[in-house]
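These notes concern the structure reproduced below.
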Amino acid sequence: MITVTNLTVAYDDLVAVDDVTLQVPAGYVLAVSGPSGAGKSSLLWAIAGAVPAKSGRVEIDGLEIVDRPGAAGHGVVLIPQGNGLARVLTARENLSMPLLAERRLPAGDQDRAEALESIDEIIQKALVDVGLEESGDHLVEELSGGEQQRIAVARGLAQRGKVILADESTSELDSTNRERVLDLLRAEADRGAAVIIATHDPSVAAGADGHALMDEGRLSWDRRL
Ligand code: ADP
């Protein structure tokens, strides 16, 4: 459960998120839309602990989020706008980084080999899910914009988070792949995650369980969860 209470985010004098309150229970998908500059990314970053709250609170299952390591430790996964992929690494290497960072690998050779094998299986499944199992060994910079976006989604899925924050994650996709990614985000909710999708796309918003609108940092409701 994501609980945001009277959250304000500011960059110096610029208020990007203005006194926002919302809740997203496990199992639900919330879409947040609004014009560019409305504060959608800042809201997601604050939930991910990547920018500090000026005032108000973000809690995940009752635990307050104060920074990015803490949020990651509570299973908050951010699929950032612009993908956040390392361009000179392969797709597979990009997927492996957060998994290796979060798991302390066991010391014994065999245990370590088994742990690495299970990470490989998780990565392979995520690549298959986004339809890019053939592209795992390509450098990110060799992939098209839409393929990079799907790899960023795969990296998010591979982390099996409690909270998935998808920032414009379908903006560069054709309709088949957009449906595929939305189905995958829905499946994350069905497995028990709380999902927020920031989007400009009315069809994405229509498929969510609830739809919030942001404008100049303020949040209002088109459809409540
Ligand atoms: P959206 O995702 O809806 O486009 P953003 O959260 O990216 O909105 O931006 C909200 C406002 O905050 C905009 O005015 C933007 O210029 C500003 N902003 C975003 N990030 C920063 C930053 N790192 N430093 C200063 N201002 C920022």
Side-chain angles (χ1 to χ4, degrees), residues 2-24 28-60 64-72 74 76-87 145-146 148-153 155-156 161 163-173 178 181-182 184-185 188-189 193-225:
I2 305 168
T3 306
V4 173
T5 311
N6 299 119
L7 176 71
T8 294
V9 174
Y11 307 104
D12 297 322
D13 291 341
L14 192 152
V15 176
V17 175
D18 190 358
D19 196 25
V20 164
T21 294
L22 62 81
Q23 289 191 338
V24 184
Y28 285 83
V29 179
L30 173 69
V32 180
S33 62
S36 192
K40 304 179 295 295
S41 294
S42 299
L43 174 64
L44 298 193
W45 291 337
I47 295 170
V51 291
K54 183 176 182 208
S55 57
R57 291 167 74 83
V58 174
E59 290 161 295
I60 305 300
E64 187 171 8
I65 298 302
V66 291
D67 57 21
R68 181 67 200 129
H74 289 329
V76 180
V77 171
L78 176 65
I79 305 172
Q81 192 172 12
N83 301 333
L85 300 171
R87 297 178 57 79
Q148 291 181 19
Q149 198 161 45
R150 283 149 69 197
I151 292 296
V153 169
R155 186 175 61 170
V163 168
I164 313 289
L165 307 169
D167 198 351
E168 301 282 0
S169 298
T170 59
S171 59
E172 296 191 46
L173 303 183
R178 186 175 60 223
V181 165
L182 292 175
L184 290 167
L185 292 172
E188 290 292 284
V195 179
I196 302 182
I197 307 175
T199 184
H200 279 102
D201 184 338
S203 70
V204 174
D209 301 312
H211 181 207
L213 304 170
M214 280 195 86
D215 194 20
E216 296 186 354
R218 309 283 302 194
L219 185 135
S220 60
W221 290 96
D222 172 38
R223 268 184 304 120
R224 281 185 184 274
L225 278 173

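Counting starts at 1 for both ligands and their atoms, following the listed order. Note that this is a predicted model, so its numbers are computed, not measured.
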R178/D201 salt bridge by N-O under 4.0 Å criterion: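 Answer for the salt bridge query: yes.
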With sequence neighbours excluded, what pairs up with [X] under the side chain to side chain contact (heavy atoms under 4.5 Å, CB included) test?
X: P35; value: A38, D215
X: A208; value: V29, A31
X: A212; value: L30, V32, L219, W221

Neighbouring protein residues of ligand 1 - any heavy atom closer than 4.0 Å: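 Those residues closer than 4.0 Å to ligand 1 by some heavy atom are Y11, L14, A16, P35, S36, G37, A38, G39, K40, S41, S42, W45.
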Heavy-atom side-chain proximity of Q149 to I151 below 4.5 angstrom: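 No, every pair of side-chain atoms sits at 4.5 Å or beyond.
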Trace of the salt bridge (Lys or Arg N to Asp or Glu O under 4.0 Å) decision for E59 with R57: CA-CA 6 Å; E59 290 161 295; R57 291 167 74 83; 3.4 Å; yes
